[in-house]
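Working notes, beginning with the structure itself.
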There are 2 protein chains.
Amino acid sequence: MDPHLLRTFVAVARLGSFSAAARELGYTQSAVSQHIAALEHDLGAPLLGRRPVAPTPVGARLLEHAGPLLLRLDAARADIARLTSAPTDRLAIGATPLGAAELPGALAAVRRAHPGLVVTVRVLGRESVAREVATGALDVGLVDGMAAPTDPLHMGEATPLTSARVTEQPLAVALPAGHPLAGRPGLRLADLTDAQWIDAPDTGIPLAQLRRAVGGDGFRPALRYKGDDVRALVGLAAAGHGLTVLPTPALEGMAGVTAVPVGQPRVVHRTETLHAARTGDTAAELVAALTAAVAG
Amino acid sequence: MDPHLLRTFVAVARLGSFSAAARELGYTQSAVSQHIAALEHDLGAPLLGRRPVAPTPVGARLLEHAGPLLLRLDAARADIARLTSAPTDRLAIGATPLGAAELPGALAAVRRAHPGLVVTVRVLGRESVAREVATGALDVGLVDGMAAPTDPLHMGEATPLTSARVTEQPLAVALPAGHPLAGRPGLRLADLTDAQWIDAPDTGIPLAQLRRAVGGDGFRPALRYKGDDVRALVGLAAAGHGLTVLPTPALEGMAGVTAVPVGQPRVVHRTETLHAARTGDTAAELVAALTAAVAG
DNA sequence: ATGGTCCATCAGTATCACTGATGGACCGGT
DNA sequence: ACCGGTCCATCAGTGATACTGATGGACCAT
């Protein structure tokens, strides 16, 4: 179970092709074939069906382990690298679309204090932010999600990252103007499990989180939105393509939708910073600015 | 950062000696020296001071990563092995000293249903139980600890194990008979931070857990008890060597001590099962018996 | 001084991890 | 049915590597 072999394995499984994985990893196809053969011999079971190339049950199980494992390995590398290399005048920030809303103010303060600082901001999905922060590609992450009041967001837990609360805001369901429920003072999520939903896993609240909060099945997506623009998502909701849950402030002033607060369960929209246990000065300042501005 | 090299590194750090690590790992001393040199070259920083052999700051950081990493790797191996190998008529159980109290009843039911079953029971510390269950050396673990009512025990989290509640019992401080506080109806832990404590990390509640629950420093150990016999620990408390916190039922009928309930903070003694996500039949039955008997 | 222990280094070798070439299986087009 | 194209498996060859065993320098206790 050499990490190299695991890496090729996940690449092959993801791409569904030995040759493509070889191209991506800079090996020959022959080498990839031998990697998989070595892994299968080592574990004593076939991991991939060939033609088409798809994981066997054992392979699927190995994939579940391999992801977190390789992530931890990269995270360890990155952590040590941070510890040994000199601090830079570079600050890479990653944020989910809704999390990014909190950034401008705090970032201004940091840039004022460090005029030469080269700042990069990227907008990504939750898991991507966590992964990139863990591997050191990002210095600070801003992620958002749904949680019980004062509870931390429940991230992947596969890597040891420090997190701190930035904001907690009420949640609302975005209903098309004129929707029968639009007049209600509040809504119970449990009553909406069978409604038409938009799944926007990288923009708003993923339906999986609603499902977990309510504890049922349901929340079947009628439409899947893959972009990360909030306005476009609200536009879809306004046109009646389905419901979506967003923090109330993000829905203010949005045309065509009525925001009805989520009454039950008691949940809030929470934004958190994410950063490595040990981090650079400017990153620490940004986190302090982000958490202080609102928590104070 | 080859796992082999990491393994050698942790062995050298633990033993404080290249030669001893070589002996333990079945390498020559030369190989161990080369392993460490390779790691240090790879990470670009010295990891171990020589003479005496002790981790540098960077090495210490690497150690923090290496432990969980290797554990996860072993856990993955074990999980796949469980998946590919045939079920056996062998059941290995590990329990902390206080957790073991819950075992006999449930185990009897399982052995009655499976007459040929070869059962092994080992008593270990919390972390050891978790580690051995993760790596497949144990099928089922029974661990105990302190937690807020209905909250799960907060284990290492480095590995993905399933846990389920077995019991929750009130906690009491064991005071020597005739102690000034022995007449009290209840005690606040916060008032006892400066008392004389016995630290019995593998038997009762480790002082670190008290410290976390109360949120202060204090709870300095006056005596450290390394055994795993509860009666001996209570004997020490009775003789006035220090205080210790134990579940009330474990203190019933113990001579020489008075059990005074812990009033604040609101915590309970909790026992949980620990097992791999996917496990054998007999292990699943034992867990069911353990959790059903009391939770029902 | 001296013998003992410890770690670093070096040369030598057996193994291993790649590449590049080849072959068989399948697939779609004509 | 044939044929070019793609895909994965296999094999021989080779350059790298991961060990061992021997040696040497540093330190320590006697």
Rounded to whole Å, how long is the line connecting atom [atom1] of [X] with atom [atom2] of [N]?
{"X": "B/H4", "N": "C/dA17", "atom1": "NE2", "atom2": "P", "answer": "10 Å"}
{"X": "A/D2", "N": "D/dT17", "atom1": "CG", "atom2": "P", "answer": "14 Å"}
{"X": "A/L5", "N": "C/dC18", "atom1": "CG", "atom2": "C1'", "answer": "13 Å"}
{"X": "A/R23", "N": "D/dC8", "atom1": "CZ", "atom2": "C1'", "answer": "13 Å"}

Original post:
What are the residues of residues 28-43 of chain A, sorted by number, that bring a heavy atom to within less than 4.0 Å of DNA chain C?
Top reply: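 Only A/T28, A/S30, A/A31, A/Q34, A/H35 qualify.
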**OP:** Could you tell me which non-hydrogen atom of A/A134 sits nearest to which non-hydrogen atom of A/L161, and how far apart they are?
**Re:**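 Closest approach of A/A134 to A/L161: CA-CD2, 4.0 Å.
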**OP:** Taking B/Q196 for its side chain and B/L223 for its backbone only, find out whether a donor-acceptor pair lies under 3.5 Å.
**Re:**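 Side chain of B/Q196 to backbone of B/L223, a donor-acceptor pair under 3.5 Å: no, none is there.
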Subject >> Backbone N/O of A/L47 and side chain of A/T56: donor-acceptor pair under 3.5 Å >> reply: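 Confirmed, A/T56 side chain pairs with A/L47 backbone.
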Subject >> A/Y225-A/H241 aromatic ring centre distance below 6.0 Å >> reply: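 A/Y225 vs A/H241: aromatic centres not under 6.0 Å.
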Original post:
Quick one: do B/R82 and B/D79 make a salt bridge, cutoff under 4.0 Å?
Top reply: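 The answer is yes: the pair qualifies as a salt bridge.
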Original post:
Under 4.0 Å between a side-chain N/O of B/Y27 and OP1 or OP2 of D/dT20, yes or no?
Top reply: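 False: B/Y27 side-chain N/O out of range (4.0 Å or more) of D/dT20 OP1/OP2.
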**OP:** Would you check if B/V58 and B/L43 make a side-chain contact, meaning some heavy-atom pair closer than 4.5 Å?
**Re:**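 No. Closest side-chain heavy atoms not under 4.5 Å.
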